[in-house]
Amino acid sequence: LNHDATRAATGSADFSAKLWNSISGKEIHTFDHKHIVKSVEFSKDGTQLLTGGLDKTLRIFDLGNPDQTPISLDAKDKIRRSSWLNSENQIVICAWLDK
């Protein structure tokens, strides 16, 4: 949920992250990915959505312009969890190796 609980974000095994109106339950937007999405999190001000998953790519979507190409950062392995740190400019990633 975003800070004021008006929007929700979900990650899915259908290779997408979705943005929802949490009051009405209606889907607002679908963000396509190349593999399962394991992590979604709103920025503190609610203007960006951070996603990560099994495609080893961290994405930052601008929710004011959701069709815009996201900022993408490659990880060395599958992303299990990603989160904004103390500011909008720092991100923590948790990844794991399959052996």
Side-chain angles (χ1 to χ4, degrees):
L1 289 172
N2 65 349
H3 182 70
D4 62 2
T6 57
R7 291 184 175 184
T10 57
S12 178
D14 72 357
F15 297 11
S16 74
K18 294 185 186 281
L19 180 64
W20 303 88
N21 178 315
S22 61
I23 307 301
S24 69
K26 293 186 179 187
E27 182 182 321
I28 297 171
H29 194 79
T30 297
F31 302 98
D32 292 323
H33 290 65
K34 295 178 182 174
H35 212 300
I36 296 169
V37 179
K38 299 288 284 181
S39 179
V40 294
E41 185 171 292
F42 288 98
S43 60
K44 291 180 184 186
D45 66 3
T47 62
Q48 296 176 310
L49 184 67
L50 178 65
T51 68
L54 301 188
D55 66 354
K56 304 178 187 177
T57 303
L58 186 73
R59 292 179 178 83
I60 302 171
F61 292 94
D62 178 356
L63 297 180
N65 190 1
D67 291 319
Q68 180 179 343
T69 301
I71 296 169
S72 295
L73 304 166
D74 293 330
K76 293 189 183 237
D77 215 314
K78 300 169 185 174
I79 299 169
R80 180 179 176 99
R81 179 81 172 105
S82 56
S83 183
W84 299 99
L85 203 50
N86 296 323
S87 74
E88 302 300 315
N89 297 324
Q90 296 177 320
I91 298 168
V92 176
I93 303 170
C94 176
W96 76 92
L97 297 171
D98 285 336
K99 293 191 178 200

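Keep in mind that the numbers below use all heavy atoms, side chains included, and drop hydrogens, waters and symmetry copies. Keep in mind it's a predicted model, so treat the numbers as computed, not measured. FYI, the numbering just counts along the sequence from 1.
Evaluation of the salt bridge (charged side-chain N to carboxylate O under 4.0 Å, His left out) test over residues 16-34, restricted to residues two or more places apart or in two chains, returns Lys18-Glu27. Each ring pair (Phe, Tyr, Trp, His ring centres under 6.0 Å) pair with one or both residues in residues 37-56, not counting sequence neighbours, would appear here, but there are none.
Under the side-chain contact (heavy atoms from CB on, under 4.5 Å) criterion, Ser72 pairs with Thr57, Arg59, Pro70, sequence neighbours left out. Listed by chain and number, the residues in a side-chain hydrogen bond (donor to acceptor under 3.5 Å, both in side chains) with Ser16 are Asp14 (sequence neighbours excluded). Take Asp62 and apply the side-chain hydrogen bond (donor to acceptor under 3.5 Å, both in side chains) test, not counting sequence neighbours, and it matches no residue. Checked against side-chain hydrogen bond (donor to acceptor under 3.5 Å, both in side chains), Thr10 has the following partners two or more places apart in sequence or in another chain: Trp20. For Asn2, the side-chain hydrogen bond (donor to acceptor under 3.5 Å, both in side chains) partners two or more places apart in sequence, or in a different chain, are Asp4, Thr6. Residues passing the ring-ring contact (aromatic ring centres under 6.0 Å, His included) test with His35, sequence neighbours excluded: Phe15. Judged as a side-chain contact (heavy atoms from CB on, under 4.5 Å), and not counting sequence neighbours, the contacts of Ser39 are Arg81, Ser82.
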Going through the checks in order, is the side-chain contact (heavy atoms from CB on, under 4.5 Å) test met by Asp67 and His29?
CA-CA 9 Å; Asp67 291 319; His29 194 79; 2.9 Å; yes

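Ile71 and Phe61 sit in two unconnected hydrophobic clusters of ILVMFWY residues. Membership requires side-chain heavy atoms under 4.5 Å apart, directly or through other members. Tracing side-chain contacts under 4.5 Å through hydrophobic residues (I, L, V, M, F, W, Y), one never reaches Phe31 starting from Leu50; they form parts of separate clusters. With hydrophobic clusters built from ILVMFWY side chains whose heavy atoms lie under 4.5 angstrom apart, Val40 shares a cluster with Leu19.
Residue Asp77 holds its CG atom at 5.0 Å from NZ of Lys56, rounded to the nearest 0.5 Å. Atom NZ of Lys38 and atom CD1 of Ile79 lie 12.0 Å apart (nearest 0.5 Å). Residue Gln48 holds its CD atom at 4.5 Å from CH2 of Trp84, rounded to the nearest 0.5 Å. Distance CG/Leu49 to CD/Glu41: 9.0 Å, rounded to 0.5 Å. Annotation: the span from Thr47 atom OG1 to Ile60 atom CD1 amounts to 10.5 Å, rounded to 0.5 Å.
Here the closest heavy-atom approach between residue Ile28 and residue Arg7 is recorded as CD1-NE, 4.0 Å.
Think of Leu1 as one node in a network of Ile, Leu, Val, Met, Phe, Trp and Tyr side chains linked at under 4.5 Å; it has no links at all.
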